[in-house]
Protein chains: 2
Amino acid sequence: MTIARAPAGNATTRGRRAGRRSGDQRELAILSTAERLMTERPFAEISIDDLARGAGISRPAFYFYFPSKDAVLLTLLDRVTAEADAAAGDTLDRMAEDPRSRWRDLIGRFHDTFRAHKAVVLACGQARGANAEVRELWSAVLEHWVRCTQTAIEAERRRGAAPDGLPARDLAIALNSMNERVMCATLAGDGPAVAESGVVDVLLDVWLSAIYRSTTPPSA
Amino acid sequence: MTIARAPAGNATTRGRRAGRRSGDQRELAILSTAERLMTERPFAEISIDDLARGAGISRPAFYFYFPSKDAVLLTLLDRVTAEADAAAGDTLDRMAEDPRSRWRDLIGRFHDTFRAHKAVVLACGQARGANAEVRELWSAVLEHWVRCTQTAIEAERRRGAAPDGLPARDLAIALNSMNERVMCATLAGDGPAVAESGVVDVLLDVWLSAIYRSTTPPSA
DNA sequence: AACAATCTCGACACCCTGTCGAAACGCGCT
DNA sequence: AGCGCGTTTCGACAGGGTGTCGAGATTGTT
């Protein structure tokens, strides 16, 4: 079960209306301005005017490139999730080789991608509360990862490495939800959080315990 | 380790300035209007004007009772967390009696409380992204629950019922984070979520697996 | 040069927030 | 009854954000 994209919104068409000339660089400028500003202050405190000025255009001109501030975030999120999927690669297909290492790869690569785009991930976590589109896109992405996880768990049960128990889908939902929340808290650094250096191993331990009832699952 | 409140903001002083006459009912009217409106649409889409009109007063009068819209939510959150703590009671102190039942009680009671105040919980989940005060209060509450969980895990390890492994605090953070996220998703009904009827058992299974590496931990 | 598609912006209408200061109310007191 | 003093209410304002419109500037093509 290779992780392949089933995009909810096409990244190449989310922004501007069709046709393009020199303004591509302006669009890029808006995106990079957004990513830069998001590292400085919360997404909600960034106005469209900030984005426009940062990209060297006026506020109305911004609307030529994106229909709203949220659309910028959506485009950024598309990129990050695509990158995460690519990083995950075919890890799940080779699970039986060495389950502990494969699950650790999976969690670790997601963590690396999230950490590399910390500002975008945190902004999405914040905007998800206020914006339905962000919420839906995030849900679609999570749904995809849940399905992949579910399939891998079922495969591990089929080969006798993991015991039966909870419906695989429910377990997959719980574990993916945990990862999301824990990684966001660690990246944000607010409230109770696991240290960044240990977060992957903490999550891995819970995944293995929940799936195999052991932290040393058997290879094929 | 009985769950006792260590309030981050005093509910009785968060709202109005000192002194009171008949206006108490107005304050209550604002709170109940807020809870009602939150069941109809997301918190971000409720204006102060909506709250004021719902309570039968003008917008400026609202500011006599609360300094901002967020303060209303904070007050509501204070109530809910106090109720959750009360519901949890001394469950954690009697863990050794029958670990599976006690952990199930704990998770189940939190779930009951959250479900009873669905609108408030979801609104907080949404507002946490945009508002630092909500974020901090929520963090303080979570920190408290994490500490309680951590203490209980350490006690179970000490009596030999649970194996050593992850630092108890890290495990407690991961499990509480999972509960938060999974319960919110289930209540909101958006994206991948566990069915409401099964969510407590799913969470319980992961908790027991992670703490005991077994779903049938030994009694004292 | 002329045309059309692409791009830009000044100006506007609208909504929301937060803060005045003035006025109305309730109530104990003389 | 009339006074005084906190309590409570609201009309009106300033400030800042969003989204839209139509006119004008720029650019590539013929």
Side-chain angles (χ1 to χ4, degrees), chain A residues 12-34 37-38 40-75 123 126-127 129-134, chain B residues 12-34 37-38 40-75 123 126-127 129-134:
Chain A
T12 63
T13 60
R14 194 184 301 292
R16 201 161 75 257
R17 12 189 189 279
R20 59 195 52 212
R21 289 278 167 240
S22 65
D24 277 340
Q25 45 189 333
R26 290 278 153 87
E27 187 168 337
L28 268 297
I30 292 174
L31 289 171
S32 60
T33 299
L37 289 181
M38 288 186 319
E40 298 170 7
R41 57 175 184 273
F43 186 67
E45 286 173 25
I46 298 171
S47 72
I48 289 180
D49 201 52
D50 294 330
L51 259 26
R53 289 188 185 284
I57 56 177
S58 72
R59 198 172 62 80
F62 168 92
Y63 287 97
F64 180 80
Y65 296 98
F66 293 95
S68 71
K69 189 175 70 168
D70 295 325
V72 177
L73 187 58
L74 252 4
T75 301
Q126 293 175 358
N131 181 284
E133 273 187 287
V134 174
Chain B
T12 64
T13 61
R14 194 185 303 290
R16 197 161 77 259
R17 11 189 188 280
R20 61 194 51 214
R21 288 275 168 245
S22 64
D24 277 340
Q25 44 189 335
R26 290 278 153 88
E27 187 168 337
L28 269 295
I30 292 175
L31 290 170
S32 61
T33 299
L37 290 181
M38 288 185 318
E40 298 171 8
R41 55 175 184 273
F43 186 68
E45 286 174 23
I46 298 171
S47 74
I48 289 180
D49 202 51
D50 295 330
L51 259 26
R53 288 190 184 285
I57 56 177
S58 72
R59 199 172 58 80
F62 168 92
Y63 288 97
F64 180 80
Y65 295 99
F66 293 96
S68 71
K69 189 175 70 168
D70 295 325
V72 177
L73 188 56
L74 253 4
T75 300
Q126 293 174 358
N131 181 282
E133 273 187 286
V134 174

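Here is how names work: the chains are called A, B, and so on, in the same order as the sequence lines, proteins then strands, and each is numbered from 1. Basis for what follows: all heavy atoms, side chains included, without hydrogens, waters or symmetry-related copies. Everything numeric in this text was worked out from a predicted model, so none of it was measured.
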Using whole Å, what does the distance between atom [atom2] of nucleotide [N] and atom [atom1] of [X] come to?
| X | N | atom1 | atom2 | result |
| --- | --- | --- | --- | --- |
| B:Y65 | D:dT7 | OH | P | 12 Å |
| A:L51 | D:dG16 | CG | P | 19 Å |
| B:R26 | D:dT8 | CZ | P | 10 Å |
| B:F62 | D:dT7 | CZ | C1' | 18 Å |
| A:R53 | C:dT8 | CZ | C1' | 14 Å |
| A:F64 | D:dT20 | CZ | P | 15 Å |
| A:I30 | C:dC7 | CD1 | P | 12 Å |
| B:Q25 | D:dT8 | CD | P | 11 Å |

Using rotation axes that map the C1' atoms of four end pairs onto the next four (five pairs an end), what angle separates the end axes of the helix from C:dA1-D:dT30 to C:dT30-D:dA1, to 10°? 20°

Report yes if some heavy atom in the side chain of A:F64 is under 4.5 Å from a heavy atom in the side chain of A:I57; otherwise report no. no

Does B:Y65 reach the side chain of B:L28, with side-chain heavy atoms less than 4.5 Å apart? no

Determine, for nucleotides 9-24 of chain C in 5'-to-3' order, which nucleotides have protein heavy atoms under 4.0 Å from the base (write B), from only the sugar-phosphate (write S), or from neither (write -). BBB-----BBB-----

Side chain of B:K69, backbone of B:I46: donor and acceptor closer than 3.5 Å? yes

Under the side chain to side chain contact (heavy atoms under 4.5 Å, CB included) rule, what do A:F66 and A:L51 come out as? Steps first, then yes or no, please. CA-CA 11 Å; A:F66 293 95; A:L51 259 26; over 6 Å; no

Contacts of type side chain to side chain donor-acceptor pair (under 3.5 Å), residue B:S47, not counting sequence neighbours: B:D50

Does anything in residues 53-66 of chain A pair up under salt bridge (Lys or Arg N to Asp or Glu O under 4.0 Å), and if so which pairs, sequence neighbours excluded? A:D49-A:R53

Got a list of protein N/O to nucleotides 24-26 of chain D N/O distances below 3.5 Å?
none

Apply side-chain contact (heavy atoms from CB on, under 4.5 Å) to B:S32 and list each qualifying residue two or more places apart in sequence or on a separate chain. none

Of all residues at least two apart in sequence or in a different chain, which pass the side-chain contact (heavy atoms from CB on, under 4.5 Å) check with A:A29? A:A55

Point-to-point distance, once rounded to the nearest 0.5 Å, from CD of B:E27 to CD1 of B:I30: 7.0 Å

From CD (A:Q126) to CG (B:N131), nearest 0.5 Å: 11.0 Å

Do you know which two heavy atoms are closest between B:F62 and B:A52, and how far apart they sit? CB-CB, 4.2 Å

